Amino acid sequence: RKVGDVGFDLEAFLRQIADQEDPRLHVVDVYAEWCGPCVAMVPQFRHLQATVDRFEERCSISQVPRTARAEYEERFPQTSKPRFLFYKGGSELHYVEGLNAPEILRMIEEHMAPIGVDE
């Protein structure tokens with residue numbers, strides 16, 4: 001989901017990544033609208049959402065404009081390099097600079113919440 005979409009504003013995004021009780025992995029794509037490489041992973045993410053069992057229950061993917069959050073704007077200079085942050089349990093786990101699909105996919109595979117066991 002993209003910050004700014006109906007029902008998903010910056011406050012909802014911040015609550016989501018800060019939730020220590022949420023077992024999901026939160027992948028954050030910090031992007032610039034004009035940056036082609038910044039949106040290049042979107043088809044990969046859509047493929048995961050469609051093919052991985054119960055993906056939405058185990059992992060969230062959010063697109064956040066670099067300028068939407070002061071911390072991101074200060075931390076990441078305006079370039080054509082995409083940035084991907086990974087949050088779990090309310091903390092940032094990892095950061096990938098650039099379009100490094102193997103590392104991004106490895107992080108998702110390694111840190112995505114396991115499928116829950118029904119009791």
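What you see below is based on every heavy atom in this structure, not just the backbone, and it leaves out hydrogens, waters and symmetry mates. No experiment lies behind these values; they were computed from the predicted model shown. Numbers here are sequence positions counted from 1.
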Open item on the list: Tell me which one of Met41, His94, Gln44 satisfies side-chain contact (heavy atoms from CB on, under 4.5 Å) with Ile104.
Closed with: Met41
Open item on the list: Could you measure the distance from the CG atom of Leu14 to the CD atom of Glu71? Nearest 0.5 Å is fine.
Closed with: 9.0 Å
Open item on the list: Taking Val96 as the starting point, is it possible to reach Leu85 by hopping between hydrophobic residues whose side chains are less than 4.5 Å apart?
Closed with: no
Task: Interatomic spacing from CG in Leu25 to NZ in Lys88 - rounded to 0.5 Å - done: 6.5 Å
- [ ] If the plane angle is over 60° it's perpendicular, under 30° parallel, otherwise tilted; pick one for Tyr95 and Phe76.
- [x] parallel
TODO: Flag the pair Glu110 and Arg106 as a salt bridge only when some basic side-chain nitrogen lies within less than 4.0 angstrom of an acidic carboxylate oxygen.
DONE: yes
TODO: May I ask you to establish whether Arg58 and Phe55 are in a cation-pi arrangement, using a distance under 6.0 Å from NZ or CZ to the six-membered ring centre and at most 45° from the ring axis?
DONE: no
Task: Distance-minimising heavy-atom pair for Pro23 and Ala113 - done: O-CB, 3.3 Å
Task: Euclidean distance, Lys2 NZ relative to Ile61 CD1, rounded to 0.5 Å - done: 13.5 Å
Open item on the list: For Phe8 versus Ser62, what's the shortest heavy-atom pair and its separation?
Closed with: CZ-OG, 3.6 Å
Open item on the list: Quick one, Val42 and Gln63 - any side-chain contact, counting heavy atoms below 4.5 Å?
Closed with: yes
Open item on the list: How long is the straight-line distance from OG of Ser91 back to CD1 of Ile17, given to the nearest 0.5 Å?
Closed with: 10.0 Å
Open item on the list: Can a donor-acceptor pair be found, under 3.5 Å and without considering hydrogens, that links the side chain of Asn100 to the backbone of Glu103?
Closed with: yes
Open item on the list: Working to the nearest 0.5 angstrom, can you tell me the gap between Tyr87 OH and Ser60 OG?
Closed with: 11.5 Å
- [ ] Determine, for Arg75 against Glu92, whether the closest basic-nitrogen to carboxylate-oxygen distance falls under 4.0 angstrom.
- [x] yes
- [ ] Mind checking the CZ-CG spacing from Arg66 to Asp29? Nearest 0.5 Å is all I need.
- [x] 13.5 Å
Open item on the list: I want to check something: taking the side chain as every heavy atom from C-beta on, are His26 and Gln16 in contact at a cut-off of under 4.5 Å?
Closed with: yes
Open item on the list: Is there a continuous path of hydrophobic side-chain contacts, each under 4.5 Å between heavy atoms, that joins Val30 to Leu10?
Closed with: yes
Open item on the list: Applying a strict under-4.5 Å side-chain criterion to I, L, V, M, F, W and Y, I'd like to know whether Val3 and Tyr31 cluster together.
Closed with: no
